[in-house]
Each structure stands twice: as C-alpha cells, then as structure tokens.
Amino acid sequence: MPEISPQPHTSPFTTRRRFIQAGIGLVGAAWAGVFVQSRIFPEATAEGVKPVEVPLAELPVGGTKAITYGATPVLVLRTAEGLRAFALICTHLGCIVQWQEGKKEFFCPCHQGIFDQFGEVISGPPPVPLEQVAVKVEGEKVIVGEAA
C-alpha cells in the first residue's frame, strides 16, 4: 500500500500576494463600516441645533441655569460682568463635569479635573479648557447657542 503523506496546513497568508489582498480587504471593510455608521448615527452639528431661550429673570446675578443645547448639557452662569455658557463635557475623556457653587469651579469626577469659572483648566488631566457656547441677552431673554 502506498504511503500517504499528510497535507501541510495551508494558511491564507502563505504568499505575499494573499497577505496583501487580505490587508486591502480588511481596510476596505473598515472604511465601509465607518461609512455605514456615519449614515446610521450622524454626528450632530451646531448648524442643526436650535438656540435655547431662557427668561432673564431665571438667572439672577451669581446664579446658574442648566440647560440642554442640542444633545449637550450646558451651564449658563450669570456674573456681575455678564453671561457665560459652557458645555459640561470634560475635554479629557468626555465625562459630565459638575458645577461646584461654593468653590465657583467645575469638577470632573472621572479623573479629578478642575476648571475655573471661565472654563480654564486649573488641575488634572484635561488638555484644554471647557467648550464655550455663545450666549447673549435680547430684551428679557437669554439666548444660548446663537452667535453673539
């Protein structure tokens, strides 16, 4: 009886050509996945978000008002100098920051990042200040999200 030699296990990457084809296929699949994801879950842009109006009477000097602008939580601060609004998204890892009234600062509970009342980084890992949102007063209304 003739001796049967076992077939060596072949890999799809046995040749350089097959390896390159597989790599191109993977990159193409990744691009297709990003394309499909961007169509299913489009990123919100400021252009599609409507401004939010708040009665000026709800914001006394020294007061704050939490609102949602688009899908972003925002805090509006009224000081003697004027109004400021900040997105409450930490610039480090995207956690929701908290306003600490007694200290007049924003605190990120994820990695103990601290921002001052102007949104500037005081300490911790955040690389840049909090994002400011445009805010202005028209008559007795505070308008958040419209170019001032």
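Computed from a predicted model, the values in this text were never measured in an experiment. Sequence positions, counted from 1, serve as the residue numbers for this chain.
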- Task: Taking the side chain as every heavy atom from C-beta outward, state whether Q100 and I114 have any atom pair closer than 4.5 Å.
- Result: no
- Shortest non-hydrogen separation from G94 to I89 and the atoms involved: CA-CG2, 3.7 Å
- Message: As an exercise, state the distance from CD1 of I143 to CD of E53, rounded to the nearest 0.5 Å.
- Response: 5.0 Å
- Message: Assigning hydrophobic clusters by single linkage (Ile, Leu, Val, Met, Phe, Trp, Tyr; side-chain heavy-atom cutoff under 4.5 Å), is V142 placed with V74?
- Response: yes
- Message: Are there over 12 heavy-atom neighbours, none belonging to Q112, within less than 6.0 Å of that residue's CD?
- Response: yes
- Atom CD in E101, atom OG1 in T64: separation rounded to 0.5 Å? 5.5 Å
- Could you grab the distance from atom CZ of F107 to atom CZ of F115, nearest 0.5 Å is fine? 11.0 Å
- Task: With rounding to the nearest 0.5 Å, note down the distance linking CG in L75 to CD in Q117.
- Result: 11.5 Å
- Between A85 and V144, what is the shortest heavy-atom contact and its length? CB-CG1, 4.3 Å
- Are P129 and T91 close enough that some pair of their side-chain heavy atoms sits under 4.5 Å apart? no
- Taking C-beta and beyond as the side chain, do F86 and L77 meet within less than 4.5 Å on heavy atoms? yes
- Quick one: does L56's side chain get under 4.5 Å of V137's, heavy atoms only? yes
- Message: I'd like to check K104 versus W99 (side-chain heavy atoms, cut-off strictly below 4.5 Å). Are they in contact?
- Response: yes
- Task: Of all the heavy-atom pairs spanning L130 and A87, show the shortest one and how long it is.
- Result: CD2-O, 3.9 Å
- Message: I'd like to check T79 versus R84 (side-chain heavy atoms, cut-off strictly below 4.5 Å). Are they in contact?
- Response: yes
- Item | H111 NE2 to H92 NE2 distance, which is reported to the nearest 0.5 Å | 5.5 Å
- Scanning both residues in full, the closest heavy-atom pair of L83 with V135 reads O-CG1, 3.8 Å
- Task: Measure the CD1-CZ distance between I20 and R17 for me, rounded to the nearest 0.5 Å.
- Result: 9.0 Å
- Message: Between Y69 and G145 (side chain of the first, backbone of the second, donor and acceptor by atom type, cut-off under 3.5 Å), is there such a pair?
- Response: yes
- Tell me if the SG of C108 lies under 2.5 Å from the SG of C90. no
